[in-house]
2 protein chains.
Amino acid sequence: MGISEAEAAVMEVLWRGAPRSAEEILEAVGADRDWREGTVKSLLNRLLKKKAIRAERDGRRYLYTPLIAREAYVSQESKGLLDRLFDGRVAPLVAHFSEQRKLSRRDIAELKRLIEELDDERG
Amino acid sequence: MGISEAEAAVMEVLWRGAPRSAEEILEAVGADRDWREGTVKSLLNRLLKKKAIRAERDGRRYLYTPLIAREAYVSQESKGLLDRLFDGRVAPLVAHFSEQRKLSRRDIAELKRLIEELDDERG
DNA sequence: GAACTCCATTTACACGTGTAAACGATGATT
DNA sequence: AATCATCGTTTACACGTGTAAATGGAGTTC
């Protein structure tokens, strides 16, 4: 079905730069995930099966490239959360973070600008 | 580990009103999940094991009550998404929805009010 | 008290996921 | 040519999850 958590870590690397070999991917995930090469290979094969990436031969090895855009993935995940927990609306989500004191000064400033823009557009 | 998707559906019912029996829960999830009674029982037992709910005897059956608050669950899920996809910051998340044209007029109005409040508080 | 009815508890089973080891093929080295 | 190194491919295996069926035990009814 969807892209799993571990698979997403691989995708993140490829979104940061592609095409890349399995070895490069392993190096790029690096510290946070203490993976063996075999683990990365398995994940790549599962992603291939899911058509989330494609492979092109480069000599004896393969280079991998994302087929789905990060934007699409982010959209799907975000909408999922929003629908499951906030009745599909954004304002309650932000209200939640606000109540939890999870809005940084910077967040507030940026949100303010963002809303002003939208407000103007709507004019 | 965490509360799974199906388990969350049961929790939602209990958050809406508790304590409730397995049968009442089954009835309350109703249409969207076409579950047998056994399914609900399994989920309840897993939730008990995870200390997410507790059971109290009521005659021959049990009544179930949440032990973790919906707020806590929502926080965890939301923070998870934010950290994984938006570098832990709220503004980029809202920007994402904005770019996807997923902000309703109502969302915008509410966000505006929210931000104004925060801005005032901060002085 | 034998049979029935309701619950709960136990067991099941396939599929996805995280995490690799084992095996195999193909090109490089002696 | 025989061996070594380097990839990819196949197989593995435990644990969580979704989804229940089977079993068991305690009241309830003939």
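Just so we're clear, the structure is a prediction, and the values are computed from it rather than from any experiment. To find a chain, count down the sequence lines: A is the first, B the second, and so on, and within it residues start at 1.
- With rounding to whole Å, A:Asn45 atom CG is found 16 Å from D:dC7 atom P.
- Rounded to a whole Å, the CZ atom of A:Arg57 is 12 Å from the P atom of D:dC7.
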(request) Go along nucleotides 11-22 of chain C 5' to 3' and tag each nucleotide: B for a protein heavy atom under 4.0 Å from its base, S when only backbone or sugar atoms are that close, - otherwise. (result) -B----SBBB--
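- Between B:Lys49 atom NZ and C:dT10 atom P the separation is 9 Å, expressed in whole Å.
- For the residue pair A:Tyr64 and A:Arg20, no side-chain donor N or O sits within less than 3.5 Å of a side-chain acceptor on the partner.
- Atom CD in B:Glu37 sits roughly 16 Å away from atom P in D:dA22 (whole-Å rounding).
- In this structure, B:Tyr64 atom OH and C:dC7 atom P are separated by 12 Å, rounded to whole Å.
- Of the charged side-chain nitrogens involved, at least one lies within less than 4.0 Å of a carboxylate oxygen, so that A:Arg36 and A:Asp34 count as a salt-bridged pair.
- Side-chain contact between B:Ser98 and A:Leu118: present, with at least one pair of heavy atoms (C-beta onward) separated by less than 4.5 Å.
- A salt bridge links B:Glu110 with A:Arg89: the distance from a Lys NZ or Arg NE/NH1/NH2 to an Asp or Glu carboxylate oxygen falls below 4.0 Å.
- In this structure the side chain of A:Leu111 never reaches within 4.5 angstrom of the side chain of B:Leu111, judged on heavy atoms.
- A donor and an acceptor atom, one from each side chain of A:Asp107 and A:Ser104, are located under 3.5 Å apart.
- Between the P atom of D:dC7 and the CD1 atom of A:Ile25 lies a distance of 14 Å, rounded to the nearest Å.
- Atom pair A:Glu23:CD and D:dC7:P shows a separation of 6 Å (rounding to whole Å applied).
- Nucleic acid contact class of A:Arg61 (heavy atoms, under 4.0 Å, all strands): sugar-phosphate only.
- A straight line from OH of A:Tyr62 to C1' of C:dA25 spans 12 Å, rounded to a whole angstrom.
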